[in-house]
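Along the sequence shown, the residues carry numbers beginning at 1.
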Amino acid sequence: MLIVVALGITWILDGLEVTIIGSLAPSLQRGDTLGLSADGIGFASSSYVAGAVLGALVFGWMTDQLGRKQIFFLTLALYVVGVGASALSWNLTSFAVARFLTGMGIGGEYSAINSAIDELVPARLRGRVDVMVNGTFWAGAAFGAIGSVWLLNSAIIPVWLAWRVAFALGALLGVAVLFLRTFVPESPRWLMTHRRVEEANAIVSHVESHCVEPEGGWGQKLPTVLIYPAGVFSPAEMIRIMVQRYRGRSLYVLVLMISQAFLYNAVFFTYGMVLTKYHGVSPRAVGWYILPLAIGNLFGPLILARWFDTWGRRRMIGLSYAISGVLMMAVAYAMGVHALTAASQTLSWCCIFFFASAAASSAYLTASELFPLEMRAFAIAVFYAVGTLFGGVAAPVIFGHLIGTGRLSLLVMGYVVAAILMLIASAVAWIWGVDAENRSLEEVAPPLSEYYAREEERAV
């Protein structure tokens, strides 16, 4: 449990950051704060996305080379520096640089943490733990929504100081998590492939000493896998392996990542504008409408997670994407005929994202399961970067333009496209999905070291 909390809190921090910056945007335009323009807010948000993409790629590669534990300490420390600097910013340039550093830390966390969790959690629980942990992003979003509303409407803290307090609290939380992570071990799997067998055995023995003895005792014969010391694989080599040896799996994960990223960013980056433009909601009250969405997103993975291990990956991934797409179609139609109010539209989004959140979490689970140990973190980083670029850049621009036209019919068509992408992803999951439930990671994707060692033996 300590391992899950210490590692999984990354998603809470990410959700907190995304919600806080969205909720504080109007305050940052005031003259007694940073006095940013709308373009300045957009530039700072883009800096965060760019940092997340670069951080994912750089630290994803480093995670495979240097180990999971070293990198998740480094990336969290970078996050603390970035969010602390955000609280101390004095103009657009300093704020954008701080947001870039914060994004690098969060982006790097995704690869290291997903790799570590999957490699430390038993196969029979891996699906539910991974889906639930990824879903905790929305706990951070809920905290951010509540905190932003309280800070912006509090008579105790003036607005010119409230935004700095919000970022400072994020830094303090990050420092507390750094302490928790001292208790998290390195991945025994990674240690084994880097000739550190004694350390790996010591960690496994320590973990077993805190567990109930399994039926049949510790001495029972278990499946084994032959692991060789890993070589060093460059990013170019790993991309070549993904394109050649794992082409089908790579395309499968890309479809899952892009479709869920487009759906999420299509709604969340523009929902405030939809509420104020089409439903007459006050900008100061937007946080109260985001809060129920965050709660729906949080409870979806928590409730549905166990079925990813019991009913299976293919069925649950296919169903969660399909239900999200069908419900999105229904909501788009209701919007088109003006049948929704601010409250009913929020309730509709809650229903959609109850399933879509589990779908999005399963996309990260799939990315971490379907590729070998030596390139697992980098593979997660590549898919996260592509999904972030597509969803974090393309969707907000497209839907921002559609809302700017003032034509509701065009916005509805955009939502229909998002629904179609989810339905396509569902079909892909049913046809090309991998039944990874209750199977060891090495069974799903044998280590590269094993493959190359056997190639060398054949050559001799």
Side-chain angles (χ1 to χ4, degrees), residues 7-18 21 45-83 97-119 130 133-134 137 140 174 187 190 233-239 241-243 246 250 253-254 256-258 260-262 264-265 360-361 363-395:
L7 297 180
I9 203 162
T10 292
W11 282 261
I12 295 179
L13 295 176
D14 192 14
L16 185 67
E17 285 300 309
V18 171
I21 191 62
S45 299
S46 296
S47 297
Y48 178 85
V49 172
V53 170
L54 181 61
L57 294 174
V58 171
F59 292 116
W61 178 76
M62 291 175 63
T63 298
D64 286 326
Q65 309 309 313
L66 303 178
R68 287 36 172 151
K69 186 166 185 174
Q70 289 190 59
I71 300 304
F72 63 59
F73 267 108
L74 177 60
T75 52
L76 183 57
L78 183 58
Y79 163 81
V80 170
V81 170
V83 75
V97 170
R99 301 313 296 160
F100 180 82
L101 293 176
T102 306
M104 281 197 70
I106 289 294
E109 286 269 287
Y110 273 85
S111 300
I113 302 308
N114 265 316
S115 300
I117 286 177
D118 280 2
E119 291 168 7
D130 201 303
V133 166
N134 278 284
F137 172 98
S187 164
W190 185 88
F233 298 93
S234 69
E237 289 177 306
M238 287 189 280
I239 290 175
I241 292 170
M242 291 167 65
V243 172
Y246 292 98
S250 297
V253 178
L254 276 177
L256 295 184
M257 282 287 193
I258 290 175
Q260 63 85 20
F262 190 83
Y264 264 94
N265 289 284
S361 296
Y364 287 99
L365 167 65
T366 304
S368 64
E369 285 185 322
L370 300 191
F371 298 91
L373 168 67
E374 297 89 342
M375 58 179 290
R376 177 167 293 121
F378 184 75
I380 297 169
V382 169
F383 296 120
Y384 168 78
V386 173
T388 300
L389 281 174
F390 189 86
V393 177

For A377, enumerate each residue passing the side-chain contact (heavy atoms from CB on, under 4.5 Å) test, keeping only those at least two apart in sequence or located in another chain.
T63, D64, R68, S111, S115

Looking only at non-hydrogen atoms, find the nearest pair between V53 and A385 and report the distance.
CG1-CB, 3.8 Å

Okay, side chain of S250, backbone of M242: is any donor-acceptor separation there less than 3.5 Å?
yes

Using the test side-chain contact (heavy atoms from CB on, under 4.5 Å), find all partners of A98 that sit at least two apart in sequence or belong to another chain.
A85, S86, S89

Spacing of I106 atom CD1 and L76 atom CG [to the nearest 0.5 Å]:
8.0 Å

Considering all heavy atoms, the nearest V253-A367 contact:
CG1-CB, 3.7 Å

Could you go through the side chain to side chain contact (heavy atoms under 4.5 Å, CB included) check for V386 and M257 one step at a time?
CA-CA 8 Å; V386 173; M257 282 287 193; over 6 Å; no

Would you mind listing every salt bridge (charged side-chain N to carboxylate O under 4.0 Å, His left out) that reaches into residues 375-385, with sequence neighbours excluded?
E119-R376

Partner residues of F262 under the ring-ring contact (aromatic ring centres under 6.0 Å, His included) criterion, sequence neighbours left out
F390, F399

So how far is it from F73 CZ to E109 CD, rounded to the nearest 0.5 Å?
10.5 Å

Quick one: pull up OG in S368 and CG in N114 and give me the separation to the nearest 0.5 Å.
5.0 Å

If you measure from CG on L101 to OH on Y48, what distance do you get to the nearest 0.5 Å?
12.0 Å

Would you please name every residue forming a side-chain contact (heavy atoms from CB on, under 4.5 Å) with V58, sequence neighbours left out?
L54, M62

Does A50 have any side-chain contact (heavy atoms from CB on, under 4.5 Å) partners at least two apart in sequence or in another chain, and if so, which?
F100

Spacing of F59 atom CZ and F378 atom CZ [to the nearest 0.5 Å]
14.0 Å

Once you round to the nearest 0.5 Å, how far does CG of D130 lie from OG1 of T366?
9.0 Å

Write down the atom of E374, the atom of M238, and the distance for their closest heavy-atom approach.
O-SD, 4.1 Å

List the steps, then state whether side chain to side chain contact (heavy atoms under 4.5 Å, CB included) holds for Y364 with Y384.
CA-CA 8 Å; Y364 287 99; Y384 168 78; 3.4 Å; yes

Considering all heavy atoms of both residues, which atom of Y264 and which atom of A360 are nearest to each other, and what is their separation?
CE1-CB, 3.8 Å

Mind checking what makes side chain to side chain donor-acceptor pair (under 3.5 Å) contact with E369, not counting sequence neighbours?
R126, R313

